[in-house]
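Given the structure is predicted, the values throughout are model-derived calculations rather than measurements. Sequence positions, counted from 1, serve as the residue numbers for this chain.
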Amino acid sequence: MSDHTYAQIFSDGLWRNNVALEQMLALCPLLAVTTTATNGLGMGLATIAVMIAASLLSSLLKGVITPQVRIPAFIVLIASVVTVVEMFINAWMHELYKVLGLFIPLIVTNCAILGRVEAFASKQTARASLADALAMGLGFTWVLVVVGAIRELIANGTLFHNASLLLGEHLHWLDTTVVDNYQGALLMALPPGGFIMLGFLLSIKRLIDQHRRKPATNTTLTQLQEA
């Protein structure tokens, strides 16, 4: 934890080193399941659960797993956790499982999870690994939800369709029809819609990062001129 503060870990996960927008990892599930905000949130929560469990186990077992077998061992750990999560969703949220079903086992091959386990959890304490997994998972989830919400709104004129499948009947009110009698834009419901929205988000993030760096650059130039 000497090289990472919790503020840095969460700043990296949520924005500065975001899994999808900066590392460009886990784009397959991002593009495949974000046809609605509910699907994006469901996949995001499943990914967070797997990432936290896999990172925690990898950190606790780092003294036992030798460097020669670390990658196969990490994959076995991730696959075991994914199996448990898949069975849980199948048992308790079966309707959502039927929507996400194919993509939940593919979390095993999510390079974002394996990458964080290898690059961070296998070298850090359990507490730091837990914080990193939570931060990276939340960063990935908000991107999934934003992309899903915008695609759903443009494609169908709704938001959080079938939210009760994931969150229960008491949050059924989240399922909102924003535009009545909306004819829809099929393109946004198809895979190209995911590419388009991802491109917009990447551009917005680059513009914001450039804007935030400008004051520091101007200050440095002023100091050089004064010197």
Inset, instruction - State whether the side chain of Thr5 and the backbone N or O of Gln8 hold a donor-acceptor pair below 3.5 Å, judged by distance alone. - result: yes

Legend entry - Any donor-acceptor pair under 3.5 Å from Ser58 side chain to Ala54 backbone: yes

Legend entry - Met136 and Asn17, any side-chain heavy atoms less than 4.5 Å apart: yes

Inset, instruction - May I have the step-by-step check of side-chain contact (heavy atoms from CB on, under 4.5 Å) for Val81 and Leu57, ending in yes or no? - result: CA-CA 10 Å; Val81 175; Leu57 290 172; 4.2 Å; yes

Legend entry - hydrophobic_cluster_shared for Ile78 and Val76, side chain cutoff 4.5 Å: no

Legend entry - Reported CZ-to-CG distance for the pair Phe120 and Asp12, which is rounded to 0.5 angstrom: 9.0 Å

Inset, instruction - Using the side-chain contact (heavy atoms from CB on, under 4.5 Å) rule, take Ile208 and Ile204 through it: C-alpha gap first, then chi angles, then the decisive distance, then the call. - result: CA-CA 6 Å; Ile208 293 174; Ile204 292 171; 3.8 Å; yes

Inset, instruction - Determine whether Ile113 and Val50 make a side-chain contact, defined as any pair of heavy atoms from C-beta on separated by less than 4.5 Å. - result: yes

Legend entry - Straight-line distance of Asn110 CG to Leu25 CG, nearest 0.5 Å: 8.0 Å

Legend entry - Backbone N/O of Ala126 and side chain of Ser59: donor-acceptor pair under 3.5 Å: yes

Legend entry - salt bridge (charged side-chain N to carboxylate O under 4.0 Å, His left out) partners of Arg116, counting only residues at least two apart: Asp132

Legend entry - Considering all heavy atoms, the nearest Arg151-Leu190 contact: NH2-O, 3.0 Å

Inset, instruction - Quick one: pull up CD1 in Ile150 and CZ in Phe200 and give me the separation to the nearest 0.5 Å. - result: 9.5 Å

Legend entry - Pro191 side chain reached by Leu31 side chain, heavy atoms, under 4.5 Å: no

Inset, instruction - Assess whether atom CZ of Phe195 is packed by more than 12 heavy atoms of other residues, nucleotides or ligands within 6.0 Å. - result: no

Inset, instruction - Examine Trp173 and Leu153 and state if one hydrophobic cluster contains both, with Ile, Leu, Val, Met, Phe, Trp and Tyr joined whenever side-chain heavy atoms are less than 4.5 Å apart. - result: yes

Inset, instruction - Find the distance between CG (Leu201) and CH2 (Trp142) and round it off to the nearest 0.5 Å. - result: 6.0 Å

Inset, instruction - Treat each ILVMFWY residue as a node, draw an edge where side-chain heavy atoms are under 4.5 Å apart, and state whether Leu174 and Val146 are in one component. - result: yes

Inset, instruction - Search all heavy atoms of Ser122 against all heavy atoms of Phe74 and return the closest pair with its distance. - result: CB-CZ, 3.6 Å

Inset, instruction - Give a yes or no answer on whether the side chain of Thr35 reaches the backbone of Ala189 with a donor-acceptor pair at less than 3.5 Å. - result: no

Legend entry - Heavy-atom closest contact (Ala20 atom, Leu27 atom, distance): O-CD2, 4.0 Å

Inset, instruction - Group every Ile, Leu, Val, Met, Phe, Trp and Tyr by side-chain heavy-atom contacts under 4.5 Å, then state whether Val117 and Leu61 land in the same group. - result: yes

Legend entry - Beyond-backbone contact of Tyr182 with Thr158, side-chain heavy atoms, under 4.5 angstrom: no

Inset, instruction - With side-chain contact (heavy atoms from CB on, under 4.5 Å) as the test, would you mind laying out the steps for Phe140 and Ile48 before giving the verdict? - result: CA-CA 9 Å; Phe140 182 53; Ile48 288 175; over 6 Å; no

Inset, instruction - Is it possible for you to say whether Ile71 and Leu60 belong to one hydrophobic cluster, with membership spreading through side-chain heavy-atom contacts below 4.5 Å? - result: no

Legend entry - Residue pair Thr141 / Thr47, side-chain heavy-atom distance below 4.5 Å: no

Inset, instruction - Find the distance between CD (Glu152) and OG1 (Thr176) and round it off to the nearest 0.5 Å. - result: 9.0 Å

Inset, instruction - Measure the shortest side-chain to side-chain distance between Arg70 and Lys62 over non-hydrogen atoms and say whether it is less than 4.5 angstrom. - result: no

Legend entry - Distance in Å, Ser203 OG paired with Leu21 CG, rounded so as to fall on 0.5 Å steps: 10.5 Å

Inset, instruction - Determine the minimum heavy-atom distance between Glu118 and Lys123, stating which atoms define it. - result: O-NZ, 2.7 Å

Legend entry - Minimum heavy-atom distance between Ala133 and Ser55, given as atom pair plus value: CB-OG, 3.6 Å

Legend entry - Leu144 and Leu30: CA distance, side-chain angles, deciding distance, side-chain contact (heavy atoms from CB on, under 4.5 Å) verdict: CA-CA 6 Å; Leu144 286 173; Leu30 188 150; 3.9 Å; yes

Donor-acceptor pairs are to be reported for all side-chain atoms of residues 82-89 against protein atoms at under 3.5 Å, with residues two or more places apart or in another chain.
| unit_1 | atom_1 | unit_2 | atom_2 | d |
| --- | --- | --- | --- | --- |
| Thr83 | OG1 | Ala79 | O | 2.8 |
| Glu86 | OE2 | Tyr97 | OH | 3.2 |

Legend entry - Side chains of Ile107 and Met43 in contact at under 4.5 Å (non-hydrogen atoms): yes

Inset, instruction - For Asp175 and Ala163, work out which heavy atoms get closest and say how close. - result: N-CB, 4.4 Å

Inset, instruction - Name all residues meeting the salt bridge (charged side-chain N to carboxylate O under 4.0 Å, His left out) criterion together with Glu22; count only those two or more places apart in sequence or in a different chain, and write none if there are none. - result: Lys205, Arg206

Legend entry - Heavy-atom side-chain contact between Ile52 and Leu130 under 4.5 Å: yes

